[in-house]
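These notes are about the structure you will find just below.
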Amino acid sequence: MSYRISVDSAVCMSSGKCVADAPDVFRFDDDEIAEIVPGATQPADERILDLARACPAGALVVTDVDSGEEIDVD
Ligand code: SF4
């Protein structure tokens, strides 16, 4: 199993949680919406799940790389 995390920019509410927890992975864009740091290494699966669950807006999308399906993290 291999997961990939991404930001749904339309849902992000700029809480800064992911940027604070994983500045190696997330940063703010010019509109203070989270985005993946260019070239960032994807975290391990368990960390991806933890990060996604910690987003107060549910804006962090977890995808199964193999199937392409979105994972329900709740
Ligand atoms: S934790 Fe969620 S709402 Fe907060 S900045 Fe990151 S993606 Fe946006």
Side-chain angles (χ1 to χ4, degrees):
M1 195 84 66
S2 184
Y3 293 156
R4 184 176 187 285
I5 195 166
S6 59
V7 180
D8 184 339
S9 58
V11 179
C12 173
M13 54 181 261
S14 308
S15 74
K17 176 73 174 157
C18 62
V19 177
D21 287 352
D24 52 324
V25 180
F26 300 101
R27 69 180 187 183
F28 281 131
D29 67 12
D30 292 342
D31 296 320
E32 297 210 347
I33 299 298
E35 65 179 8
I36 301 290
V37 174
T41 300
Q42 285 280 317
D45 289 353
E46 278 306 313
R47 187 157 186 243
I48 280 179
L49 293 173
D50 288 344
L51 288 163
R53 289 177 180 133
C55 172
L60 295 178
V61 178
V62 180
T63 305
D64 184 320
V65 172
D66 295 326
S67 70
E69 291 181 8
E70 190 173 319
I71 304 298
D72 183 357
V73 299
D74 293 328

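This is a predicted model, so every value here is computed, not measured. Along the sequence shown, residues are numbered consecutively beginning with 1. Start at 1 and go down the list; that is how both ligands and their atoms are numbered.
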Pick, from Ser15, Ala52, Cys55, the option with the minimum heavy-atom distance to atom 2 (Fe) of ligand 1.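 Nearest option to atom 2 (Fe) of ligand 1, by heavy atoms: Cys55.
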Whether Cys18 has an N, O or S atom under 2.8 Å from atom 8 (Fe) of ligand 1: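 No.
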Is there a side-chain contact between Val37 and Phe26 in this structure, where contact means two heavy atoms from C-beta onward sitting under 4.5 Å apart?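 Val37 does not reach Phe26 side chain to side chain.
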Could you tell me whether the side chain of Glu32 reaches within less than 4.5 Å of the side chain of Cys12, counting heavy atoms only?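 No. Closest side-chain heavy atoms not under 4.5 Å.
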Closest approach of any protein heavy atom to [atom], naming residue and atom:
| atom | answer |
| --- | --- |
| atom 8 (Fe) of ligand 1 | Cys12 SG, 2.3 Å |
| atom 3 (S) of ligand 1 | Met13 N, 3.4 Å |
| atom 5 (S) of ligand 1 | Gly16 N, 3.3 Å |

Passes side-chain contact (heavy atoms from CB on, under 4.5 Å), Glu35 versus Val7? Steps please. CA-CA 6 Å; Glu35 65 179 8; Val7 180; 5.5 Å; no
What distance do Leu60 atom CG and Asp50 atom CG have between them, rounded to the nearest 0.5 Å?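 Leu60 atom CG to Asp50 atom CG measures 12.0 Å (nearest 0.5 Å).
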Hey, is Leu60 one of the residues with a heavy atom under 4.0 angstrom from ligand 1?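 Contact present.
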Looking only at non-hydrogen atoms, find the nearest pair between Arg47 and Val25 and report the distance.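 Distance-wise, the nearest heavy atoms are NH1-CG2, 4.5 Å.
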When clusters are formed by joining ILVMFWY residues with side-chain heavy atoms under 4.5 Å apart, either directly or through shared neighbours, do Ile5 and Val73 land in the same one?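 Yes; tracing contacts between hydrophobic side chains, which count when under 4.5 Å, links both residues.
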Of the backbone and side-chain N, O or S atoms of Ser14, does one lie nearer to atom 4 (Fe) of ligand 1 than 2.8 Å?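 So Ser14 does not count as coordinating atom 4 (Fe) of ligand 1.
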